[in-house]
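Beneath this line is the structure, given in structure tokens, with notes to follow.
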Amino acid sequence: MASTLKNFIHSLDPKALPRILQIQSGFYDEGTIYETSGHESCLSTGDVIKVVDLKVKKLLASNSECEDDSLCTPTMVELPLNFPGFCRLVVDRTPYVNIEEIVRKVWIGPTQQQYPSFYCSGDLEAGNLSINKGEKIIFSSVEDNNGTATVTCRVEKNGQVHDFLLPVSQEGDFYESEDNQVYSLKEVAEWKIPKSRCRHVMFTHISDLQNHTDKFPVDFDGCVVLSPIYEVQAVMKFQKEVVHFLSDLDVEVKDVTDCYNVKSFLQPLSMEDILERTSNDFPICVAVIEGPSGNKQPYNLLCPGREIVIYKKHQAIRILASEIKSGFKERHFLIPTSYKGKFKRKPREFLTAYDLEIARSGKEKLHVIATKAFESPCEEQCSVSIGDQFLIPQCQTHEIDQKRKEVENALTCEQILLGNKIDKKVFLPMCMEGGFVEIVHDKKEYELLEICKDFCMPCNVKVSIRDPSVQEDILAGIQTLQLEEEIRDTYLLISNFNNSTEIWDVPVHRVNMTAQLLSKDAEDVLRFPVNNIVEEITEEQYCMMRRYEKLTKKPPPRPPKAPMIKEPKKSFTASPAQKSLDAPKPVKNLYAEANAEWLSNPTAAVLGLQLSCQSDLEHKNDMSETATFEESPVIRARKTFAENKPSAGHELDDEDKNVTNGITKKNSRRTI
């Protein structure tokens, strides 16, 4: 039966593609021409097309879900996928009657963040495992188990994770579980809108969207209903080009897949299609129809018309790194472990004593110099002046007076006393917010795998020897590069069909390609080494990687600004004046503020946290300098470096002297 193109596409399961459609009635504006990738096409009555792929192009937002589009039109607005801000999902209360309906309508992605979760209104039995009603069930993949379609599921019981299989024929009322994760609008469109259903979302931080409220429906209160508009990729009969059009065209279509031979059409493959193939399907030979722009390897292999061999898909390790350059926008890179350049370590900066504790290395003592002064509130703990040097061997709990007070963890370290040429054991309170710069004595040149193995990330480095295997090493000119973490991603191994001596890794999720499957045979043996490139990624891609890669690991808590001291209750009542003097000032929770700011602007959140810490510390320094005129920390630091030499075992080379002298001059100018 005929239906509107919008209704057909909205209910179409992407796993059922390709589908052959015939245009039943209504041109879409007979003279209108759609131009995509330089090709022209038009839809008219009687045309036969093969739909090969669907992608959400934009979203329609309304205040409420309506059955009649004409009633919703006045309150509907279009939202682009790159709309700023984040939102939370409102739970869909409509149940799914069986597992098959979930598999057909809900996207089950390859990563943990794309796994949907449900709960059943009744008890379930899966082998020896009993799943009680209401328990959260995570769906991770759909598999063929001895000819039976099953879903790989996961449930947590008593702190232990249990994996089990459920057949798609499993009956029961399955409801969507609560999802506390925050998503961008693009992520909601691609992952979280079930087929033939709408999605209710609640935008977070509405105050940050004040400049965009005109794009929302009337009486916008933060909650909207999202309906997707798809971009349809199709192939016209007797043509080789892929055409693109939107799913809201005013035409009627009829599914005639059973009446036509699908092989009579061009059979294009997207990156997603290639990724869904099993390992036994490789290697395959394809001709590129649409590919990414770029003249450098390996992207020039993917130009239209080029025939390539795809050997296999695999998980590869990359090191996520960022350029550190004040005053300029940072660049971000994914470095392959096969990178042949060499690195030298560079000094790191630390904002707090707590950062020193989490950065200490098991290979060597961490040697730092203080850039901020700090007065300890406890006699047993060390006060810090600008220019003081410390060695950080380990961290332990230090208790001052167990009978009267309980103090938070203190950082046990050695203070380098240059005049007496001895190292003094001191305790730095964890609540200390100062500033430290690392002094690096290690001048060794490391390979990438060595430095990742021997030192904890993040680690600051500089390329000392460029990679000789490439003509242009984009890392070689960067003064300071921070190696942040290890990333695993999916790649394809490809080569030119006529030249299999050069085999390249191509990222699946960051390269758009459409190809035609060829009947040519390719060798399934990799006879040559795989080539990799240092990939520069965008700010958006970087934020997504940092946001999801370590999702299961909670960040360490920020230390309080003052020690948590429990004093015994006093027997007398303080006067009002004394109460006003003794009343503690409210302490800002920097970590909570940064976490909230991250939801709206990840890059600004990190910068804001650093500026907040720096502002507070400068205020403390100004107060201490105003109150004391005898000898400022800057003067004491000058005397220390002018009158004394470093003790044996801690001698400073030229680069370290430049660091310490720069700290003294910088703080001297600030004091003046």
Take atom [atom1] of [X] as the centre, draw a 6.0 Å sphere, and report whether it contains more than 12 heavy atoms from other residues, nucleotides or ligands.
X	atom1	value
D163	CG	yes
Q160	CD	no
K254	NZ	no
E536	CD	yes
D144	CG	yes
K105	NZ	yes

**Q.** Verdict with reasoning, Y119 to E178, per side-chain hydrogen bond (donor to acceptor under 3.5 Å, both in side chains)
**A.** CA-CA 10 Å; Y119 67 90; E178 292 281 350; over 6 Å; no

Let me confirm one number: the [atom1]-[atom2] distance from [X] to [Y], rounded to the nearest 0.5 Å.
X	Y	atom1	atom2	answer
N532	D505	CG	CG	5.0 Å
Q541	H509	CD	NE2	11.5 Å
C153	I131	SG	CD1	8.0 Å

Side-chain H-bond candidate by donor/acceptor type, [X] with [Y], under 3.5 Å:
X	Y	result
Q315	T490	yes
T538	E540	no
S130	E125	yes
D255	T257	yes
E156	H162	no
Q22	Q24	yes

Heavy-atom closest contact ([X] atom, [Y] atom, distance):
X	Y	result
L226	A61	CD2-CB, 3.9 Å
A126	L166	CB-CD2, 4.3 Å
C87	F203	CB-CA, 3.9 Å
V288	L301	CG2-O, 4.3 Å
M202	C223	CE-CB, 3.5 Å
F174	C120	CE2-CB, 3.8 Å

Is the closest basic N to carboxylate O distance between [X] and [Y] below 4.0 Å?
X	Y	result
R104	D13	no
R510	E535	yes
R199	D92	no
D173	K133	no
K157	E135	yes
K520	E307	yes
K55	E231	no
R197	E101	yes

(Q) Is the ring pair Y183/W191 parallel, tilted or perpendicular, if the boundaries are 30 and 60 degrees? (A)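 Rings of Y183 and W191: perpendicular, over 60°.
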
Considering only heavy atoms from C-beta outward, does the side chain of [X] approach that of [Y] to under 4.5 Å?
X	Y	result
T150	V142	no
L302	I494	yes
P116	I108	yes
I537	L334	yes

**Q.** Matching residue for L185 among N82, L59, L81 - test: side chain to side chain contact (heavy atoms under 4.5 Å, CB included)
**A.**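 Considering N82, L59, L81, a side chain to side chain contact (heavy atoms under 4.5 Å, CB included) with L185 is found only for L59.
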
Give a yes or no on whether the backbone of [Y] and the side-chain of [X] come within a donor-acceptor separation of less than 3.5 Å.
X	Y	answer
K195	L12	yes
S495	I503	no
D281	T278	yes
E190	E187	no
R19	V51	no
N145	T148	no

Q) Looking at Y96 versus F118, is the centre-to-centre ring distance below 6.0 Å? A)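 Yes; F118 has its ring centre under 6.0 Å from that of Y96.
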
Q. Are R318 and Y491 in a cation-pi contact, defined as NZ or CZ under 6.0 Å from the six-membered ring centre and within 45° of the axis?
A.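 Flagged: R318 positioned over aromatic ring of Y491.
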
Q: For the pair D179 and K192, evaluate side chain to side chain contact (heavy atoms under 4.5 Å, CB included) and give the outcome as yes or no after the intermediate values.
A: CA-CA 11 Å; D179 189 347; K192 299 299 181 180; 4.2 Å; yes

